[in-house]
Amino acid sequence: MSVIIAIDGYAGTGKSTLARDLANALGYTYLDTGAMYRAVTLYLLRNDISWLDAEKLGRALQNIRIEFRISPDNGKRHTYLNGEDVEADIRSMAVSGVVSEVAAVSAVRRFLVEQQRQIGMEQDCVLDGRDIGTVVFPNARFKFFITAPMEVRIARRLGELFRAGADIDADAVQANLEKRDREETQREDSPLRPAPDAVHLDTGGLDREQQLAAALKHIEAQ
Ligand code: DC
C-alpha cells in the first residue's frame, strides 16, 4: 500500500510549498491537485464553454488530458494540458478569478478525484488541495490542515504574481482570496474543512524550513 500525505487548507497559506518540500525530503511524488482544477478551468475559458452547461461540460472533460512533466526549459515539474505546457497560464488572474466556481461542479470533481486516487494508489504521494484528507484519501496515513493570517496570504500571492510578471494590487488579491474562501467552504460538494484527524499547522510565523521541520516532526512522531 502506498503512503499518502494529505495537505489541505485555504489558498495562499503555503500548502503547495510545504507539499513540494515534504515530497522532496521523503522521496515521494508531489501532486498539485489545485493545478488540475486550474487546467480544466483554462480549457473551458479558452474554448468558451460554460461549466454550468452539463452536456457541453461532459463532452469537454472527455477531451482534457492533464499530465505533470519535467519542463525541458527549467527542469521543474510543470502542468501540461493536452500536451501543452500551461504552468504559467493556469496561475493567471483570469483563471484564479473563476476556478473556485469550476471546482464547485460535481462532474469536474468526479473527473479529477478519480485521477488523483489512481495516481495515489500507484506511488507514495504528497497531495495538496481542499478535500484530500476528507474525500480523496480519507484513510491517508498523515493529514495536515494549513492556515495563515490573511496579511501573510496576501503578501505570498502578491510575491508569486509579481515574480510571474503580473501587474496586480493587494486589494484585488485580497478580494480574490476572500471570494475563494467563501466559495470553497460553502459549496455543497466536498467543502473545504479540516478532517477530524488532521494536524493543524499555522504557517504565519514560520519560514519555509521551519514549516517543513514542523511537518516532518509530526510525521516522525507518528
Ligand atoms: O490550490 P489552488 O489555489 O491552486 O486551487 C485552485 C482552485 O481549485 C481553488 O479555488 C480550489 C480548487 N480546489 C479544490 O476545490 N479541490 C482541490 N483538491 C484542489 C483545489
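Along the sequence shown, the residues carry numbers beginning at 1.
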Evaluate D181 against R153 for salt bridge (Lys or Arg N to Asp or Glu O under 4.0 Å), listing each step before the verdict.
CA-CA 12 Å; D181 286 1; R153 298 169 60 200; 2.8 Å; yes

Might you work through the salt bridge (Lys or Arg N to Asp or Glu O under 4.0 Å) test for R157 and E160, ending with a clear yes or no?
CA-CA 5 Å; R157 269 289 135 102; E160 279 169 21; 2.9 Å; yes

Stepwise side-chain contact (heavy atoms from CB on, under 4.5 Å) test for L26 and L216:
CA-CA 9 Å; L26 300 168; L216 282 173; 4.1 Å; yes

Would you check, one step at a time, whether the test side-chain contact (heavy atoms from CB on, under 4.5 Å) holds for I146 with D128?
CA-CA 10 Å; I146 313 296; D128 81 317; over 6 Å; no

Applying side-chain contact (heavy atoms from CB on, under 4.5 Å), run through D189 and V135 and close with a yes or a no.
CA-CA 10 Å; D189 190 341; V135 175; 5.9 Å; no

Might you work through the side-chain contact (heavy atoms from CB on, under 4.5 Å) test for Q211 and T17, ending with a clear yes or no?
CA-CA 9 Å; Q211 67 186 28; T17 304; 4.1 Å; yes

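Atoms CG and CD, on L177 and E184 in that order, are 9.5 Å from each other to the nearest 0.5 Å. Rounding to the nearest 0.5 Å places CZ of R77 at 6.5 Å from CD1 of I70. Taken from CD in Q174 to CD in E151, the straight-line distance is 8.5 Å, to the nearest 0.5 Å. Considering CZ of R117 and CD1 of I132, their distance stands at 9.5 Å, rounded to 0.5 Å. Between the CG atom of N82 and the CD1 atom of I66 there is a distance of 8.5 Å, given to the nearest 0.5 Å. Interatomic distance, M150 CE to E178 CD, rounded to the nearest 0.5 Å: 4.5 Å.
Two residues are said to be in side-chain contact when any heavy atoms from C-beta on lie closer than 4.5 Å; K76 and R20 fail this criterion. A 4.5 Å side-chain heavy-atom check between I219 and F144 finds at least one atom pair inside the cut-off. Taking 4.5 Å as the limit, every side-chain heavy atom of Y43 sits out of range of all side-chain heavy atoms of V86. Two residues are said to be in side-chain contact when any heavy atoms from C-beta on lie closer than 4.5 Å; R110 and L61 fail this criterion. Within the 4.5 Å cutoff, side-chain heavy atoms of L45 are placed close to those of V98. You'll find the side chain of H218 stays beyond 4.5 Å of the side chain of F142, heavy atoms only. S96 has its side chain out of reach of T41: every pair of non-hydrogen atoms, C-beta onward, lies at least 4.5 Å apart. No side-chain heavy atom of K15 sits under 4.5 Å from any side-chain heavy atom of Y10.
The shortest non-hydrogen separation linking A148 to T203 is CB-OG1, 3.6 Å. For the pair G204 and V152, the tightest heavy-atom approach, listed with the atom from each and the gap, is O-CG2, 4.2 Å. Shown here for R130 and T134, the closest heavy-atom pair between the two residues is O-OG1, 4.4 Å. Here the closest non-hydrogen pair linking G120 and C125 is CA-SG, 4.1 Å. Of all heavy-atom pairs between I49 and A60, the closest is CD1-CB, 3.8 Å. Taking every heavy atom of both residues into account, D8 and G133 meet most closely at OD2-N, 2.8 Å.
Side-chain contact of E114 with Q118: a donor-acceptor pair under 3.5 Å is absent, judged by distance alone. With no hydrogens or angles considered, no side-chain donor-acceptor pair links S16 and D32 at under 3.5 Å. For N24 and Y30, the side-chain atoms include no donor-acceptor pair closer than 3.5 Å. For T29 and Q123, the side-chain atoms include at least one donor-acceptor pair closer than 3.5 Å.
Salt bridge annotation for E87-R91: present, with a cationic side-chain nitrogen under 4.0 angstrom from a carboxylate oxygen. At a threshold of 4.0 Å, the pair R59-E55 counts as salt-bridged, since one of the basic side-chain nitrogens sits closer than that to a carboxylate oxygen.
Paired with V108 under the rule side-chain contact (heavy atoms from CB on, under 4.5 Å), one option of I64, V102, V113 passes, and it is V102.
A single hydrophobic cluster is not seen to contain both Y80 and V95; linkage of ILVMFWY side chains at heavy-atom distances under 4.5 Å, directly or through other members, places them apart. Both L127 and M36 are assigned to one and the same hydrophobic cluster, defined by single-linkage of ILVMFWY side chains at heavy-atom distances under 4.5 Å. Grouping the Ile, Leu, Val, Met, Phe, Trp and Tyr side chains by contacts below 4.5 angstrom, directly or via other members, places L31 with V40. Transitive grouping of hydrophobic side chains (ILVMFWY, heavy atoms separated by less than 4.5 Å) brings V199 and I7 into a common cluster. Hydrophobic cluster membership is shared by L52 and L44, with clusters built from Ile, Leu, Val, Met, Phe, Trp and Tyr side chains linked at under 4.5 angstrom.
The environment of D169 atom CG is dense: over 12 non-hydrogen atoms of other residues, nucleotides or ligands sit within 6.0 angstrom. Other residues, nucleotides and ligands contribute over 12 non-hydrogen atoms within 6.0 Å of the NZ atom of K179. Residue Y28 places its OH atom among more than 12 non-hydrogen atoms of other residues, nucleotides or ligands, all under 6.0 Å distant. Crowding of R46 atom CZ: a count of heavy atoms from other residues, nucleotides or ligands under 6.0 Å exceeding 12.
The backbone N or O of D207 lies less than 3.5 Å from a partner atom in the side chain of Q210, making a donor-acceptor pair. With R156 contributing its side chain and T13 its backbone, the two residues share a donor-acceptor pair below 3.5 Å. Judged by distance alone, the side chain of R109 and the main-chain N or O of A103 form a donor-acceptor pair under 3.5 Å.
By the 30° and 60° cut-offs, the orientation of the rings of F145 relative to H200 is tilted.
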